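Only one structure is covered here, and it is reproduced in the block below.
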Amino acid sequence: MIGIVSTAYFTVKDRPGVKTVKKYWWRNVVIQHLKFRGKAFVIATTGYGKANAAMVITYLMEEYPSLETVVNVDLALSTNDKFDTTDTVLATKFIYRDADLTVFKDIKYGQIVHEPEAFSFNTEFVNQVKNFKLGVSDGIVGTADMLIYNSKQFKEMVDKYGQTIDVIDTEAGAIAQVTKKSSVNFIALKIMYNNALSPWDNDPLHKFKIYETSNTLKYLLARLFNLLSSRLVLDFTKNNNDELEVINELFELDHDAWPKMFKKNVAKLVSGLGPSLMLIDKKGLTPEALDIVEVMKKKIEDEGPSKIILGEDEWKNAPKKWLRKLMFLQNIHVNDDELLWNKSAKYDLQLEKMFSIEEYAKAVAKVIADRSQDKSSYTYDGATVIKKHLLVALDAAISFYITHNDTHEFVESAGQGSQLVANEFMKFLNQQLAEVESPFSKIVVYIKIPAMGAAKLPVYLVTKNKVNTPIVFNGYSERDQKVYTVVDITRNDYDPLKVGSFKVTIRLKNAK
């Protein structure tokens with residue numbers, strides 16, 4: 001069982017694969033016990049301060065004896081200039097910054113009698129989370145029932161303690177002390193609200209920063225839940241950030257099912273062996289290689305935050321140095337029915353370039369054709385890997401509507417709509433790749449299409465399972481081409497209705 005402890009309150013709604021076993025109050029603490037895709041989690045929303053934190057973690061370990069790992073995910077203040085708003089610190093070392101028992105011999109400032117100077121965790125679980133590369137940095141957390149408001153206070157603390165501290169909070173040290181004594185794994189993921197050494201208590205950007213740090217917290221939780229609940233052995237140590245964005249999205253949308261598109265008996269996903277991932281069975285007898293490439297990835301421009309969230313003056317004067325963190329809002333897709341989704345700053349999309357499905361398909365086809373020129377193979381454990389596959393992820397703003405040619409009714413079914421969009425892509429891809437032979441046993445094109453709300457529906461285009469033959473995507477339907485029309489919206493506004501025209505964006509409904 002994995003425990004999540006936070007001062008923030010969030011919920012995980014029931015859906016296929018996710019079920020709340022129990023939700024209740026315990027001494028002003030909200031406890032949620034749930035099964036997430038076969039893995040048991042317990043979420044505790046605690047009050048502020050060391051006493052509340054120690055009380056909650058002690059209760060969890062007594063009430064849930066199978067608790068083996070605890071993660072503290074919370075907002076905090078930075079005392080390191082390199083950490084700014086929405087930066088996340090993964091902490092494995094914790095000290096008390098308000099403990100002064102130096103009257104005792106050989107006791108240092110910050111140390112409790114008969115306790116180590118710091119509580120450190122260097123376990124396999126720590127390495128596992130680091131392998132996920134969730135955009136976090138290492139740092140030391142200093143815990144106390146007090147905050148720091150200026151650099152003078154910080155200097156006084158450092159002079160007493162004798163070394164610097166990267167993050168200050170009011171809970172993590174107490175959790176670390178209790179879990180260390182109980183041999184339970186522990187890490188903290190601290191999302192920076194602000195730098196404690198600069199004036200922050202009357203910050204005019206307070207509202208915007210709270211939105212951003214809250215969204216980052218949900219982003220981390222969504223990915224942690226999906227990755228920690230996986231039954232596969234995961235090693236993403238050597239993957240680059242673009243590959244990990246695609247992998248994380250696939251886990252979010254299809255969890256452990258997506259690798260089985262390539263290899264049915266996959267038990268491990270391992271990077272650093274040549275391809276993006278090596279798909280390995282339990283015995284390691286029939287490994288298969290998977291290369292991942294992203295097409296038409298959007299660039300995040302350093303533009304201002306939303307005028308909707310901030311006032312006009314605040315928007316104009318927002319500091320540029322941390323606005324790059326708005327990329328979280330573009331790169332994450334936390335569905336409404338999964339975790340709390342707070343729509344924060346929005347980009348002005350009126351000037352964003354939009355392409356037709358044919359143009360998207362041409363970009364995908366070019367990548368496939370280029371990759372198909374490489375006929376080399378990979379090796380694993382000294383033997384040649386017989387099968388290699390290619391996954392192409394299309395990262396683009398696709399907007400369209402689907403209509404029946406005779407009845408002129410719009411298609412709103414998620415399943416049928418996804419099938420029709422896939423069919424439209426296959427028409428162009430099969431035409432453009434008709435003379436291209438690939439060395440890949442299977443090619444999968446992964447496309448995200450917009451659904452109701454903030455949701456995204458995955459569309460997978462899969463080739464026939466053959467090597468060195470002309471590339472053909474399975475399931476193309478001539479009949480659907482005649483009956484339905486999938487039309488791109490190439491205008492540059494997002495009005496729900498254009499009077500006097502058929503330019504209506506229909507977003508597919510989520511499957512219930």
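Any value given below was found using the heavy atoms of this structure, including those in side chains, with hydrogens, waters and symmetry copies removed. This chain uses plain numbering: 1 for the first residue, then up along the sequence. Because the structure is predicted, anything quoted here is derived from the model rather than measured.
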**Prompt:** Would you say the side-chain atoms of Ser377 pair up with the backbone N or O of Thr384, donor to acceptor, closer than 3.5 Å?
**Reply:** no

**Item:** Distance (rounded to the nearest 0.5 Å) between Ser271 OG and Phe236 CZ
**Value:** 8.0 Å

**Prompt:** If every non-hydrogen atom of Glu437 is compared with every non-hydrogen atom of Lys375, which pair is closest and at what distance?
**Reply:** O-NZ, 3.3 Å

**Prompt:** Side-chain donor-acceptor pair under 3.5 Å between Ser441 and Asn465, yes or no?
**Reply:** no

**Request:** For residues Met296 and Ala363, report the shortest heavy-atom separation together with the two atoms involved.
**Result:** SD-CB, 3.7 Å

**Item:** Carboxylate-amine/guanidinium proximity below 4.0 Å for Glu249 and Lys448
**Value:** yes

**Asked** Considering residues, nucleotides and ligands other than Lys482, do more than 12 of their heavy atoms fall under 6.0 Å from its NZ?
**Response** no

**Asked** Are side-chain N/O atoms of His255 and Ser230 paired as donor and acceptor at under 3.5 Å?
**Response** no

**Item:** Lys263-Thr286 side chain donor-acceptor pair, cut-off 3.5 Å
**Value:** yes

**Request:** Would you please classify the geometry between the Phe225 ring and the Phe10 ring as parallel, tilted or perpendicular, with 30° and 60° separating the classes?
**Result:** perpendicular

**Request:** Given side chain to side chain donor-acceptor pair (under 3.5 Å), test Asn248 with Tyr219 step by step and report yes or no.
**Result:** CA-CA 11 Å; Asn248 273 311; Tyr219 156 86; 5.8 Å; no

**Request:** Carefully, step by step, assess Gln419 and Asp480 under the rule side chain to side chain donor-acceptor pair (under 3.5 Å).
**Result:** CA-CA 9 Å; Gln419 176 187 340; Asp480 283 346; 3.3 Å; yes

**Prompt:** Below 4.0 angstrom, N of the basic side chain to O of the carboxylate: do Lys362 and Glu359 qualify?
**Reply:** no

**Message:** Take a 6.0 Å sphere around CG of Asn468 and say whether it holds more than 12 heavy atoms from other residues, nucleotides or ligands.
**Reply:** yes

**Fill in**
Here the gap from Arg223 atom CZ to Lys218 atom NZ, rounded to the nearest 0.5 Å, amounts to 15.5 Å

**Request:** Might you work through the side chain to side chain donor-acceptor pair (under 3.5 Å) test for Tyr460 and Asp254, ending with a clear yes or no?
**Result:** CA-CA 11 Å; Tyr460 300 107; Asp254 287 299; 2.2 Å; yes

**Request:** Would you give the length of the straight line joining atom CG of Asp87 to atom OH of Tyr193, rounded to the nearest 0.5 angstrom?
**Result:** 15.0 Å

**Message:** Under a 3.5 Å threshold, yes or no: a donor from one side chain and an acceptor from the other, between Thr237 and Asp235?
**Reply:** yes

**Message:** I'd like to know whether NZ of Lys366 has more than 12 heavy-atom contacts from other residues, nucleotides or ligands below 6.0 angstrom.
**Reply:** no

**Request:** Please report the C-alpha distance between Asp74 and Thr7 in whole Å, then the side-chain angles of each, then the deciding distance to 0.1 Å, and finally whether the side chain to side chain donor-acceptor pair (under 3.5 Å) criterion is met.
**Result:** CA-CA 7 Å; Asp74 233 321; Thr7 59; 2.6 Å; yes

**Item:** Sidechain N-carboxylate O distance under 4.0 Å for Lys190, Asp166
**Value:** no

**Partners passing side chain to side chain contact (heavy atoms under 4.5 Å, CB included) against Lys283 (at least two apart in sequence or in another chain)** = Asp281, Leu285

**Prompt:** Parallel, tilted or perpendicular: which describes the rings of His389 and Phe262, with under 30° parallel and over 60° perpendicular?
**Reply:** tilted

**Prompt:** Any chance the side chains of Tyr484 and Glu424 put a donor and an acceptor closer than 3.5 Å?
**Reply:** no

**Item:** Pair Asn423, Ser477: side-chain N/O donor-acceptor within cut-off below 3.5 Å
**Value:** no

